[in-house]
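Following: one structure in structure tokens, then a few remarks.
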Number of protein chains: 2
Amino acid sequence: MTQPTGPAAKQAVRHDAMRARNLALVLGEVAARGSLTRAALSEITGLTKTTVSKLVADLIEAGLVVEAGTVRAGERGRPGMEVRISGERVAAVGLEINVDYLSVRLVDLARSVRLRRTQAVDNRTARPVEVIAALRDLALGLVDEAVDIGLQVVGGVLAVPGPVDLATGVVHNAPNLGWREVPVPELLRLPFPVRVENEANLAALGELWFGSGPPDFLYVSGEIGIGAGLVVRGRLFRGARGFAGELGHVVVSPDGPPCRCGARGCLERYAGQDALLTATAAEDLTELVTLLEAGDPRALAACERAGRALGVALSSAVNLVDPDTIVLGGIFARLFPWLADTVTGMLAARLGQMRSAVPPLVVSQLGTEAAALGAAGQVIQQVIADPTASLPT
Amino acid sequence: MTQPTGPAAKQAVRHDAMRARNLALVLGEVAARGSLTRAALSEITGLTKTTVSKLVADLIEAGLVVEAGTVRAGERGRPGMEVRISGERVAAVGLEINVDYLSVRLVDLARSVRLRRTQAVDNRTARPVEVIAALRDLALGLVDEAVDIGLQVVGGVLAVPGPVDLATGVVHNAPNLGWREVPVPELLRLPFPVRVENEANLAALGELWFGSGPPDFLYVSGEIGIGAGLVVRGRLFRGARGFAGELGHVVVSPDGPPCRCGARGCLERYAGQDALLTATAAEDLTELVTLLEAGDPRALAACERAGRALGVALSSAVNLVDPDTIVLGGIFARLFPWLADTVTGMLAARLGQMRSAVPPLVVSQLGTEAAALGAAGQVIQQVIADPTASLPT
DNA sequence: GATATTTAGTCCACAACATAGACTAAATGG
DNA sequence: CCATTTAGTCTATGTTGTGGACTAAATATC
């Protein structure tokens, strides 16, 4: 018989764990609300003023928060001292390998993007070792600049367009890049710990942490392959082995065109970038957008067909995973003006009678930065969730 | 900016919470492993022997565990005293309303099914208040019998075939019963707290806690409507508003037969009970099974068509939610012999090239009891997760 | 300008719960 | 019967939060 408690429930709690949790609680509230006084923290967390004072003292000593000036809530009384996240000690690096660029971002603990570097390159024609060597150079340059501005990089996450084995970091298959079985961490070897994660999942987390929407949504990303990241109550849904979110292979029509996955009628064959470019004889996405702007009938028809297919696949997804909102990113962000009405119409037609609310369709606010920001945000999130790892011993 | 920590991370931890967590840890390990000595508990949990002794003393005083005799692990040394879950103090009631029966189960803390009562009745032709009144009578009888055997019912959960508003217990729409907007808890009014939950989700939990498979699977249930319960790492996935798992409205063919949900080509129209009975002119499921056993060509063709549709829909589900195993329950458990090869074949054809492992298809081990057992199991699970609620004050 | 009032934050004795080592208890091997 | 091994209890101590007393810093009122 399986015991259905999560891993967190299987740990004994001692005094040190209690303190770690309360430190994380205080730091998390400060991070969530921008700044708080000790008195406000006491009210919000339920801990006594004494306890909050001690916890804040530890966080100040660790350089994770700073006192930022006095503030008064009421008309009279002693003014409180604002405590804010310090953006001047620790930072995280978000990295991204996509089809036609490499990207790195430096994000501080206050979630400010301090540095941005992007390098245009055709990653589909380069060998994986070449791509990763170029990324390593870009990242090392960023780290040097971080040291120059006084920030210590405590970790990084790399976004790649394909499923990833989270334990080993091996990219089993990235169709957008033409990669199979690439042992990314062995090749990357940066002077801080780096994990590898699927790009759609990280973009979803980017929208969550750097966007402004609600904490329950399905993020749709796509180039050749189409992936989805699902966030429910602020947490990423990964599935049993971490390979959830393969929206590109959801069935649009069971006897439709053959797909490279071996099935037929997958979403990718209707709405993937290759499908769109082939239908319009466009060279690349920019040319496709130019045709659409010019009102080219073939381009408009291809978008209409892609929009209907997206609507069908997304209606299946909504029935299965019940998101609150659908966010279109990747190529679909650029094509949003020509897709939105068709997709929204199809969702309303297929979902509108049974469901009390059809999830609204919105465009990504972060554009091509979403994945790299989500990557860096994951490291920031870990520091906030476990501040004791950052305390001096 | 949304702060993405779960609810549990937002609670301060004090001494009482620390004790509660450690009590839950000890009780959970005893529940998971059948019986343990204090010394073994100390080794497994990492708490000292002193701490474990005190925690076990509290649990004994609460009647949640008992000492069950001496046992020795090695060749010499003082024998240890086995501590086991007590099945003789608290119990939970699982209730179920399905199309053609009402069912109640009494389950003790050791997860033994102590009492079973099922009443055959056509719930589709009866009014909701009549159905719920009959269920109330059945449940009150079970409670009387529980008292007779010395068990105290601490709570219950009711399984219904349709989406449920978890906060209010209102059943918005149960197509299998013909119900809409039924305020079940107001009508039921039993002498213990009762929550209402979707039947497919509870059946999935039943397979998890009373079956013997791995803790990551998609459970497929079906009568007229087809629902799915998804369990990942021992936890039920519900979606943003609790309305995930609507497998019956996943698209099989976008321009297929119109569905009562307003869409076209939903799985329900191919593999739902009505679709199967209409295709074979069978009166009910038993007659359909008789036809299948006799080799009736129309019945076999209907199952083949249903199996292919299930395979298509399940391949979309696997791509999106990545389960380890697929469990067929409901009518599909009875039809398993005539469905399995087609479904398995379709899954292999659609998933076998890209995914390193195609999820195996298995039949439910619990049959029609799965939902009621899952319901009772949820109450049992809550007692184990929060034993301080059961301690004398 | 002085005093009363309000609110923030610190101080310190105490409580709750886990730890750690000493000790007792219960068994078997030699 | 004694030595050894292992389980479980006892008791002083340590860690971390609490709660009330107290100080500090502000404004309103006189």
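These figures come from a predicted structure and were not determined experimentally. Within every chain, numbering begins at 1; the chains are lettered A, B, ... in the order of the sequence lines, protein sequences first and strands thereafter.
Nearest-nucleotide assignment on DNA chain D puts the 5′-proximal partner with A:L55, out of A:K49 and A:L55. Both A:A39 and B:M18 lie close to DNA chain C; mapped to their nearest nucleotides by heavy-atom distance, the more 5′-ward contact belongs to A:A39. Between A:R76 and A:R38, the residue anchored closer to the 5' end of DNA chain C is A:R76, taking for each the nucleotide with the nearest heavy atom. Positionally, the nearest nucleotide of DNA chain D for B:S53 lies more toward the 5' end than for the other of B:S53 and B:H15.
Residue contacts shown for A:G74 are absent, as no nucleic acid heavy atom lies under 4.0 Å away.
Here C:dA16 presents its C1' atom at 16 Å from CG of A:D16, a figure rounded to the nearest Å. We find that CD1 of B:I44 is positioned 12 Å from P of D:dA7, with the value rounded to whole Å. Per the geometry, CG belonging to A:L36 stands 11 Å off P belonging to C:dG9, to the nearest Å. Following rounding to the nearest Å, A:R19 (CZ) and C:dA18 (P) show an atom-to-atom distance of 18 Å. Separating the CD atom of A:E82 from the P atom of C:dT7 is a distance of 19 Å, rounded to the nearest angstrom. Note: CG (A:L47) to P (D:dT15) measures 20 Å, nearest angstrom. D:dT23 atom C1' lies 16 Å from atom CE of A:M81, rounded to whole Å. Per the geometry, CG belonging to B:D58 stands 13 Å off P belonging to D:dT9, to the nearest Å.
Dashed line: the shortest gap from a side-chain N or O of A:T51 to OP1 or OP2 of D:dG17 is not under 4.0 Å. Look at B:R14 and you won't find any side-chain N or O under 4.0 angstrom from OP1 or OP2 of D:dT16. For the OP1/OP2 pair of C:dT10 and a distance below 4.0 Å, the side-chain nitrogens and oxygens of A:T50 include no atom meeting the criterion. Here A:N22 does not reach the OP1 or OP2 of D:dT16: none of its side-chain N or O atoms lies under 4.0 Å away.
A salt bridge does not link B:K49 to B:E43: none of the charged nitrogens lies less than 4.0 Å from a carboxylate oxygen.
Smallest separation of non-hydrogen atoms from A:P214 and A:D324: CG-OD2, 4.1 Å.
Between the side chains of B:Q11 and A:R21, no donor-acceptor pair of N or O atoms lies under 3.5 Å. Side chains of A:T51 and A:T48: a donor-acceptor N/O pair is present below 3.5 angstrom, by distance only.
The closest donor-acceptor contact from the side chain of B:D216 to the backbone of B:R233 lies under 3.5 Å.
In terms of polar N and O atoms assigned as donor or acceptor, the side chain of B:R78 never comes within less than 3.5 Å of the base of C:dA27 in a complementary pairing.
Ranking C:dA18, C:dG9, C:dA27 by closeness to the B:R72 side chain, first place goes to C:dA27. Distances from the side chain of B:K54 to the nucleotides C:dT19, D:dA3, D:dG17 place C:dT19 closest.
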